[in-house]
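In this chain, numbering begins with 1 at the start of the sequence shown.
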Amino acid sequence: MAESVKMFTVNIVTPDGVVYDHHATLLVACAVDGDLGIMANHEPIIAPLAIGEVRVKRTDNPDHQDAIAVNGGFLEVNDNVASIVADSAERARDIDVSRAEHARERAQQEIKAAEAQHDIDEVNRAQVALNRAINRINVSKRHH
């Protein structure tokens, strides 16, 4: 009987290209319905992702987890390849925290202004921007 594979490939792709591509033993992603843990030989799935942190335990550095801030998208797992397609994604080490904090402040101001004008669509748009900024800040701070 063949020995089962203990690793799989994780890649994260955005419209700007491949952001991440490594062999891993574990992937944890924030699906819309809750966190998903993926290991080698996982059943094929497709799941929509929430704005959140993706954590990857790589085969070449098992004592470390890579963290990537992902802004939604979806995860597809098939034949020991886990692919995440997202509008944007940033590795923790690449996040500009001061820029993310400015985006958070700007979004908070936009929410207040939109609420004052009772503009629900603008409140919702600004809330998504706020969630993205907070996610980037949290991912960066947890992994520095």
Item to check | Heavy-atom closest contact (A100 atom, A133 atom, distance) | outcome: O-CB, 3.6 Å
Checklist entry - If two hydrophobic side chains count as joined below 4.5 Å and joins carry through other members, does V77 share a cluster with L36? => result yes
Item to check | Heavy-atom pair of closest approach, residues A89 and V70 | outcome: CB-CG2, 4.1 Å
Checklist entry - Looking at CG of L49 and CG of D33, how far apart are the two atoms once the value is rounded to the nearest 0.5 Å? => result 10.5 Å
Checklist entry - Going by heavy atoms in the side chains, are I84 and V54 under 4.5 Å from each other? => result yes
Item to check | Within 6.0 Å of NE2 in H42, more than 12 heavy atoms from elsewhere | outcome: yes
Checklist entry - Near D79 CG, under 6.0 Å, is it more than 12 heavy atoms from other residues, nucleotides or ligands? => result no
Checklist entry - Which pair of non-hydrogen atoms, one from T59 and one from M7, has the smallest distance, and what is that distance? => result CG2-CB, 3.5 Å
Next on the checklist: Rounded to the nearest 0.5 Å, what separates atom CZ in R104 from atom CD1 in I137?
Outcome noted: 4.0 Å
Next on the checklist: Salt bridge check, D66 against R91: does any charged N sit closer than 4.0 Å to a carboxylate O?
Outcome noted: yes
Next on the checklist: Are V28 and I12 linked, directly or through intermediate hydrophobic residues, by side-chain heavy-atom contacts shorter than 4.5 Å (ILVMFWY only)?
Outcome noted: no
Next on the checklist: Less than 4.5 Å apart, side chain to side chain, heavy atoms only: is that true for L130 and Q108?
Outcome noted: yes
Checklist entry - So do the side chains of Q127 and I111 get within less than 4.5 Å of each other, counting heavy atoms only? => result yes
Next on the checklist: If I take atom CD1 from residue I68 and atom CD1 from residue I95, how far apart are they, to the nearest 0.5 angstrom?
Outcome noted: 9.5 Å
Next on the checklist: Between N80 and N41 (side chain of the first, backbone of the second, donor and acceptor by atom type, cut-off under 3.5 Å), is there such a pair?
Outcome noted: yes
Next on the checklist: So that I can tick it off, tell me whether E122 and R125 are bridged by a salt bridge, with the cut-off set at under 4.0 angstrom between side-chain N and carboxylate O.
Outcome noted: yes
Checklist entry - Taking it one step at a time, do F8 and V81 satisfy side chain to side chain contact (heavy atoms under 4.5 Å, CB included)? => result CA-CA 6 Å; F8 62 104; V81 176; over 6 Å; no
Next on the checklist: Give me the atom names and distance for the closest heavy-atom approach of S140 to A92.
Outcome noted: OG-O, 4.1 Å
Item to check | Residue pair E110, K112: steps toward the salt bridge (charged side-chain N to carboxylate O under 4.0 Å, His left out) verdict | outcome: CA-CA 5 Å; E110 289 171 359; K112 285 180 186 165; over 6 Å; no
Checklist entry - Under the side chain to side chain donor-acceptor pair (under 3.5 Å) criterion, do S98 and D96 qualify, and how do the steps go? => result CA-CA 6 Å; S98 65; D96 181 337; 3.0 Å; yes
Checklist entry - Can you tell me how far CD1 of I51 sits from CZ of R136, rounded to the nearest 0.5 angstrom? => result 11.5 Å
Checklist entry - For the atom pair NE2 (H23) and OG1 (T9), what is the distance rounded to the nearest 0.5 Å? => result 4.5 Å
Next on the checklist: Set out, in order, the CA-CA distance, both residues' side-chain angles and the distance that settles salt bridge (charged side-chain N to carboxylate O under 4.0 Å, His left out) for R58 and D63, then state yes or no.
Outcome noted: CA-CA 9 Å; R58 287 172 34 181; D63 297 330; over 6 Å; no
Checklist entry - Side-chain contact, heavy-atom cut-off 4.5 Å: N11 with Y20? => result no
Next on the checklist: Please determine whether residues V10 and I45 belong to a single hydrophobic cluster, defined as Ile, Leu, Val, Met, Phe, Trp and Tyr linked transitively by side-chain heavy-atom distances below 4.5 Å.
Outcome noted: yes
Item to check | Under-4.0 Å salt bridge between R99 and E101 | outcome: no
Next on the checklist: Can you give me the closest heavy-atom contact between T14 and D87, atom names plus distance?
Outcome noted: CB-O, 3.9 Å
Checklist entry - Would you say N78's side chain and P44's backbone share a donor-acceptor pair under 3.5 angstrom? => result no
Checklist entry - To the nearest 0.5 Å, what is the distance between CZ (F74) and CD1 (I46)? => result 6.5 Å
